[in-house]
There are 4 protein chains.
Amino acid sequence: MFVLVNLKAYPCDPIEVAEAARDVSEESGVRVAVAPQAAHIDAVAETGVETWAQHVSPVEHGSHTGSTLAEAAADAGAVGTLLNHSENRLKLADVDASLEAAERTDLETIVCANNPDQIAAAAALGPDAVAVEPPELIGTGTPVSQADPDVVTGAVEAAAAVDEDVDVLCGAGISTGDDVVAAGDLGASGVLLASGVAKADDPRAALEDLVEPL
Amino acid sequence: MFVLVNLKAYPCDPIEVAEAARDVSEESGVRVAVAPQAAHIDAVAETGVETWAQHVSPVEHGSHTGSTLAEAAADAGAVGTLLNHSENRLKLADVDASLEAAERTDLETIVCANNPDQIAAAAALGPDAVAVEPPELIGTGTPVSQADPDVVTGAVEAAAAVDEDVDVLCGAGISTGDDVVAAGDLGASGVLLASGVAKADDPRAALEDLVEPL
Amino acid sequence: MFVLVNLKAYPCDPIEVAEAARDVSEESGVRVAVAPQAAHIDAVAETGVETWAQHVSPVEHGSHTGSTLAEAAADAGAVGTLLNHSENRLKLADVDASLEAAERTDLETIVCANNPDQIAAAAALGPDAVAVEPPELIGTGTPVSQADPDVVTGAVEAAAAVDEDVDVLCGAGISTGDDVVAAGDLGASGVLLASGVAKADDPRAALEDLVEPL
Amino acid sequence: MFVLVNLKAYPCDPIEVAEAARDVSEESGVRVAVAPQAAHIDAVAETGVETWAQHVSPVEHGSHTGSTLAEAAADAGAVGTLLNHSENRLKLADVDASLEAAERTDLETIVCANNPDQIAAAAALGPDAVAVEPPELIGTGTPVSQADPDVVTGAVEAAAAVDEDVDVLCGAGISTGDDVVAAGDLGASGVLLASGVAKADDPRAALEDLVEPL
């Protein structure tokens, strides 16, 4: 299982979470990565944790003020990027162009989507992985694997029907190791997490709990 | 072959084009529809021509000022809608929600896209049809069937791989009957047209030329 | 006082509201207008009521699929347009371009904004009027003139400091004649209404109540 | 005069430009700052040059994946931010909210706009400065101070009419010291530059030339 911790714009210390994620990953052997603000990629990557961007823009080098250039994210230390998160929905053509930008710079890619139909659409664009996150469950603390297991199995089937090589992650409401196990049992090869770790009083303990049953 | 004339925001007389399309369709037996500005759907539909919306918003009834509600378009006489035209690109989640809005109101749907990958993604969302229009050819007068036949056959294959029931149209640069025939030979079941008819000195003659070889 | 009834995407009968607004306006001498969906402008204008668009796009004639062309709205019978409603926020540059489009077609303009600073900004772009609508009060039934009178007087002062010729309307939560009178007492020269009329069981009675104390 | 070098998404070495800007600023006494990609703010700020963000998002701490949080930009070393650049146009309400975010984190602010009307609107929102950049001149090498001096003096007058404390910069096509002097003569207190430095074979020489006549 791959555990990706999305720090969003939370008021956490990204270095503290990054160091915890690095240590927990090393100790448990579970793959754990952290996706900080673009301005923190550099500092987070220096901790040695696997570092992801939260987004890259659908652009190449050029006149694009305020963009998040894939090359800059990679240069600062990112090795992957989320795309089309429900808090950052992209145009269909821009998901395609951002995937091209990520591929150009060897960033691994996860395209988020709301439901199995959109997962199939995302998978058709050729990312490394897709992630299904029902928007209504994000931040609720009720895990998608429990609240809506059919959306996870539906996403796994929908992606496989389009491209068997595309991994499927799930997210929304996941905060315990049991949630991660349940996600894996439904066919997911990883989970997206955010507040469960980033807003925890003790991010390290939260991460240890997450990987413990794996 | 289905010929859909997109009037965009062109300075044409929508009623003149509508009446010509109606007559040419009746005389030739070729299916011809017209997609006017939302504010003209009513008047265009009254001519008896098959009338399409250029877009419907990804919303239901509610507090959505400035939206193009599918129910209002249908109520005014539209029987179908374009979605995600390259001049009106939508978020992936909004293509999905606009399709749901169209289905709710029995509007037929064509989702536009740039290339075979995006066509596969669009097809995965379950529209009635998809249309491939390479943006760089729109308005050029060089037909896609001649300038880039591979993008048409690629789109036909990409859509079929995802869902065999989704028709494929093509657009960009089409202005003559030979272009329409060539599109059909490449596997398209229809064409999107715009300036070739809407900006013609004589729209009726342009339409007659288009359907003549069919 | 000017009473503008925004029908948004509500499931009302636009003709019923339009006829009621026309009659109430004629009987009371109060200026009342209705802003329907673009696809309903034609039918609403035919009732004889003053008809507004909910939005026009920042474009001229040309290749703009899915736009709401000012010329088409005017052609269908609109004499004015809302712009930048909180449910349809525009880029600063697009407010400017939409105002230009409206001016080109002799549409009267009201630019909406959230607070006095944004009202000053909107006024600087030269519309006929601005409207302050605190988003948190929209649809609440609690009138802005009562819940937050300072935002109305602040908007009146902010607009006057930039351009004394720009009228100020207010909206959000207005549903009774007393609310309209209170808005006028705070310096507003009109009100924006929506659900209070459009979702009323009896729109005509709701409108009669609104204009009664004027 | 304030010289702000916007690195956009150019394929330059941000550290090389930053070091050159730092040295030229120290040697000449002219204020020079550099605005890199968000992912490069950290490394650029470490050179000691004054560092700006190209954009900050209209958000506070919270669930905002892919945003550019003002706190993160400030934390990484930015002391100011551009907003509403013509390559990153914002909604009017978002210019307001991004200014609030910048103020919250003590970032100095420059709001860009196309023309004097929009400059007045931007000034009404209370930034530290505004910058007029006619989009049609960006990247042309023809300086705005020469191609369209009226837009600069018009912007200076428009901003002063709204708020005398708001500085006015200008941009588009500026690449030589004479251009900077001409901008100052028209009333600008600074200039925005991009390709003239970022794409120069020798950024240091380009900067030295720029500040030489000051």
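- Taking chain B as the reference chain and counting heavy-atom pairs below 4.5 Å, the highest number among C/S63, C/A73, C/G66, C/A39 is found for C/S63.
- In this structure, B/E208 places its CD atom where more than 12 heavy-atom neighbours from other residues, nucleotides or ligands lie under 6.0 Å away.
- Within the model, atoms CD of B/Q54 and OG1 of C/T68 stand 9.5 Å from one another, a figure rounded to the nearest 0.5 Å.
- Residue C/E108 places its CD atom among more than 12 non-hydrogen atoms of other residues, nucleotides or ligands, all under 6.0 Å distant.
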Could you list the donor-acceptor pairs under 3.5 angstrom formed by side chains in residues 168-178 of chain C, with sequence neighbours left out?
unit_1 : atom_1 : unit_2 : atom_2 : d
C/T176 : OG1    : C/D178 : N      : 3.4
C/T176 : OG1    : C/D179 : N      : 3.2
C/T176 : OG1    : C/D179 : OD1    : 3.2
C/T176 : OG1    : C/D179 : OD2    : 3.3

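- C/Q37 contributes no side-chain N or O that, together with a main-chain N or O of B/A72, makes up a donor-acceptor pair within less than 3.5 Å.
- Taking CD1 of C/I41 as the start and CD1 of B/I41 as the end, the distance is 11.0 Å to the nearest 0.5 Å.
- For C/A43, the parts sitting under 4.5 Å from any heavy atom of chain B are the backbone and the side chain alike.
- Contact of C/H64 with chain B is made through backbone and side chain together, with heavy-atom distances under 4.5 Å.
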(message) As a quick check of understanding, evaluate side chain to side chain contact (heavy atoms under 4.5 Å, CB included) for B/H55 and C/T65, giving each step before the final call.
(response) CA-CA 8 Å; B/H55 166 72; C/T65 300; 5.9 Å; no
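- Distance alone, capped at 3.5 Å, is enough to place a donor-acceptor pair between the C/H61 side chain and the B/A9 backbone.
- The number of heavy atoms from other shown groups lying within 6.0 Å of CD (B/E19) is above 12.
- Here C/G62 is the residue among C/A38, C/A194, C/A35, C/G62 with the most heavy-atom pairs under 4.5 Å with chain B.
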